[in-house]
Amino acid sequence: MGRPDPAGEIPLLRRLWSGGHLLPDGASGGPAHPLIRLFGRWVRRPLLPAARLWRRNIQLRVVATTLLMSLGVVLLLGLVVIGQVRNGLLDAKRHAAQGQAVGGFEVAEQMADRKSDNRGQDGAGAGAQDSGAWLNALVEQLASGGKGAYSVVALSSDSGETPYVASRGPRASGDVQPDSVPADLRRRVDEGRTAPYERYGKIVHAGSGDAEPALIIGKRLDDNNGDAYQLYYLFPFSQEEKSLSLVKGTLATAGVFVVVLLGAIAWVVVRQVVTPVRMAAGISERLAAGLLQERMKVTGEDDIARLGESFNKMAQNLQLKIQQLEELSRMQRRFVSDVSHELRTPLTTVRMAADVIHEAREDFDPITARSAELLWGQVDRFESLLSDLLEISRFDAGAAALEAEPIDLRDVVHRVVDGAEPLAEAKGTRILVRGAEAPVIAEADPRRVERVLRNLVVNAVEHGEGRDVVVRLATAGGAVAVAVRDYGVGLKPSEATRVFNRFWRADPARARTTGGTGLGLSIAVEDARLHGGWLQAWGEPGGGSQFRLTLPRTAGDVLRGSPIPLEPADSRRNRRPDDTGAAQPPAERLAAVPAQPRSPLPADAAAPSADPTALPGNGARVVRGAPETPSDGPRGGRETAARPTTSNEGEGRPRGR
């Protein structure tokens with residue numbers, strides 16, 4: 001077991017214990033051996049259901065606590081009662097034994113005095129021969145009055161080193177062995193001379209060898225010849241033990257009955273309270289599931305009944321309010337849908353008239369021509385708003401359908417970039433595409449994905465203040481992602497979650513000047529959710545923003561992470577140097593996107609970072625460990641300086657796009 005392993009100088013058993021496997025160079029393993037952890041799990045496994053039941057069942061906890069407390073009270077009471085009974089029996093036995101022993105000692109002294117007188121009258125030497133017979137007669141006479149109640153033992157008086165003198169052996173009544181008298185008691189009796197002594201000991205029977213507890217009382221006396229001897233009374237505790245056993249059995253039976261009775265009472269009482277609570281919990285779950293007609297059954301007029309009535313009133317009011325809200329929501333959705341449809345016909349007529357006026361604007365005076373241009377532009381915006389309202393009404397009504405098919409997101413991105421090039425040239429912005437070297441295939445609705453990306457890219461160009469816009473594609477595991485990064489006015493952390501609200505603006509006091517309808521991001525996030533994906537935003541004031549679209553590679557799969565971190569590597573927080581001048585490492589740990597067998601990765605795909613807890617539009621931050629290339633940042637001369645910002649810094653341009 002302790003011989004060295006051929007691979008090193010440390011014994012094989014010690015290396016297995018230190019880490020659970022063969023460690024190179026004797027390296028230490030984890031804090032606990034795998035066998036110990038396995039044994040711990042094996043021990044805990046059968047206890048888990050009981051622990052779960054204990055945590056979830058208040059009735060079980062109350063009944064078990066009542067049983068334990070009542071058991072403790074019964075045990076304590078039983079110990080006190082048994083102790084009192086035992087002490088009383090011992091005191092009574094001791095007093096009775098002392099009275100019996102004193103009387104026996106007086107009888108022995110009287111018999112010795114009479115023999116001495118007779119010996120003096122008959123002549124010296126005659127009584128000495130009758131000493132052994134006299135002791136036998138004395139023991140038989142004293143023991144005859146208490147047969148079964150006590151025993152009598154007569155021993156010679158000496159120092160205790162020898163049990164008795166050979167010429168006069170010990171005398172004992174019945175089958176009691178003379179050795180039942182302890183040696184230390186014999187020494188005390190010899191030393192005390194005429195005083196009686198007592199001690200608790202055991203009576204040993206000659207026939208069976210059994211021993212029983214007893215009270216031993218002895219005294220040094222003189223026989224008929226005037227020689228000293230020791231007389232002992234042995235009082236057994238057999239009757240007291242029977243009485244104490246009876247008391248113990250009675251207390252045990254009564255204790256068990258009391259504990260069971262208290263447990264049953266606690267179970268009944270707690271059941272009367274817990275049953276309505278369980279009923280209320282079940283009805284609450286059904287109410288939360290949408291079954292608003294559920295009510296509690298109320299009986300009686302006690303506190304539980306009043307609780308049930310209050311619960312039913314609350315459920316009734318809740319049902320009424322929800323029905324009112326649902327009806328109002330249906331009316332709003334129907335109103336928006338009806339108005340949108342009804343406006344299409346007059347809007348078409350207005351559009352045709354505006355086109356005619358716009359084409360003939362060169363024949364008008366400058367003021368009229370400018371009015372024609374404004375009319376044509378606002379009609380165009382009105383059409384976009386009407387289309388967005390119709391799309392929103394479809395999402396609200398649950399009528400939006402997903403037409404998924406395998407597409408390459410690179411083609412969608414290139415179409416979006418080509419469509420945004422005129423606006424980018426007007427703004428002086430470059431649109432850079434990263435990660436388009438390998439195919440990025442996903443099952444998605446191309447029309448909806450293109451609409452989302454077009455909205456993100458156009459917003460990035462409009463709010464990028466002439467700096468570069470970077471579109472990044474990535475795929476890993478069962479997810480694909482497209483991130484649009486700009487270096488414009490940016491977003492505050494609190495705005496990243498509200499930017500997807502309908503008609504939301506960072507500064508409500510500002511008028512909408514960018515031409516958007518305020519519904520673009522709301523429609524985009526609904527398109528992402530329809531795919532089972534995420535649309536999230538990150539930003540920092542003065543440092544730009546990044547919007548990330550994450551979709552499952554296979555329609556219907558559940559996302560567990562994103563191949564692209566939400567917070568870009570060139571953010572101000574990641575670029576801030578520490579005291580040594582080196583860039584700080586990311587504060588958050590990266591996790592790999594779990595692989596999904598239905599959508600295998602290419603062989604050269606890199607392990608991505610992931611954001612498993614992110615939800616659409618929650619602004620969660622995930623920092624990538626590897627820095628971006630310099631080409632991904634803003635162009636030279638237009639880069640915004642990294643400076644600290646306060647919470648009341650400028651709001652930036654409106655982002656409710």
Side-chain angles (χ1 to χ4, degrees), residues 96-199 201-212 214-236 238:
Q98 289 176 350
Q100 184 70 35
V102 170
F105 295 151
E106 292 178 353
V107 171
E109 291 177 350
Q110 294 174 1
M111 291 180 63
D113 292 340
R114 287 196 299 269
K115 286 293 183 181
S116 298
D117 295 341
N118 294 333
R119 183 185 62 186
Q121 296 175 0
D122 296 341
Q129 298 176 354
D130 299 330
S131 177
W134 182 84
L135 283 177
N136 290 333
L138 176 64
V139 170
E140 291 177 359
Q141 181 179 352
L142 294 178
S144 62
K147 188 175 181 66
Y150 58 86
S151 300
V152 180
V153 175
L155 301 175
S156 62
S157 178
D158 42 46
S159 62
E161 296 177 355
T162 58
Y164 47 83
V165 179
S167 62
R168 189 171 62 191
R171 270 74 173 175
S173 62
D175 59 348
V176 177
Q177 290 187 358
D179 294 340
S180 300
V181 180
D184 58 344
L185 180 60
R186 295 188 60 189
R187 286 193 298 269
R188 292 180 61 188
V189 169
D190 277 336
E191 294 173 357
R193 298 295 178 179
T194 59
Y197 289 90
E198 61 185 38
R199 186 179 185 274
K202 291 185 178 181
I203 298 177
V204 181
H205 298 276
S208 60
D210 297 335
E212 58 179 340
L215 175 63
I216 305 174
I217 301 177
K219 185 178 180 181
R220 179 176 172 177
L221 302 172
D222 295 331
D223 59 4
N224 57 339
N225 294 326
D227 297 329
Y229 74 98
Q230 298 176 353
L231 183 63
Y232 295 95
Y233 273 82
L234 288 76
F235 298 92
S238 57

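FYI, side chains are in, hydrogens and waters are out, and symmetry mates aren't considered; it's all heavy atoms of this structure.
S173 and V139 make their closest contact through N-CG1, 3.9 Å (heavy atoms, listed as atom of the first residue, atom of the second, distance). Between L231 and G104, the shortest heavy-atom contact is CD2-O, 4.5 Å. Taking every heavy atom of both residues into account, R186 and S156 meet most closely at NH2-O, 3.1 Å. Of all the heavy atoms in L155 and P178, the pair that sits closest is CD2-CB, 3.9 Å.
E191 is linked by a side chain to side chain donor-acceptor pair (under 3.5 Å) to nothing, counting only residues two or more places apart in sequence or in another chain. Shown here are the salt bridge (charged side-chain N to carboxylate O under 4.0 Å, His left out) partners of D184, two or more places apart in sequence or in another chain: R199. The side-chain contact (heavy atoms from CB on, under 4.5 Å) check on V176 picks up S151, V153, S180, I203, L234, with sequence neighbours excluded. Scored by the side chain to side chain donor-acceptor pair (under 3.5 Å) test, Q141 finds no partners at all (sequence neighbours excluded). Applying the salt bridge (charged side-chain N to carboxylate O under 4.0 Å, His left out) test to E109 and every residue at least two apart in sequence or in another chain returns K219. When the side-chain contact (heavy atoms from CB on, under 4.5 Å) test is applied to R188, the partners found at least two apart in sequence or on another chain are Y197. By the ring-ring contact (aromatic ring centres under 6.0 Å, His included) test, F105 pairs with Y233, sequence neighbours left out. Checked against side-chain contact (heavy atoms from CB on, under 4.5 Å), A211 has the following partners two or more places apart in sequence or in another chain: K202, V204. For Q100, the side chain to side chain donor-acceptor pair (under 3.5 Å) partners at least two apart in sequence or on another chain are Y150.
Contact annotation: the side chain of V189 never approaches that of V181 to less than 4.5 Å [non-hydrogen atoms, C-beta and beyond].
D175 CG to H205 NE2: the interatomic distance, rounded to the nearest 0.5 Å, is 5.5 Å.
Put simply, the side chain of E198 never gets that close to the backbone of Q98: no donor and acceptor are under 3.5 Å apart.
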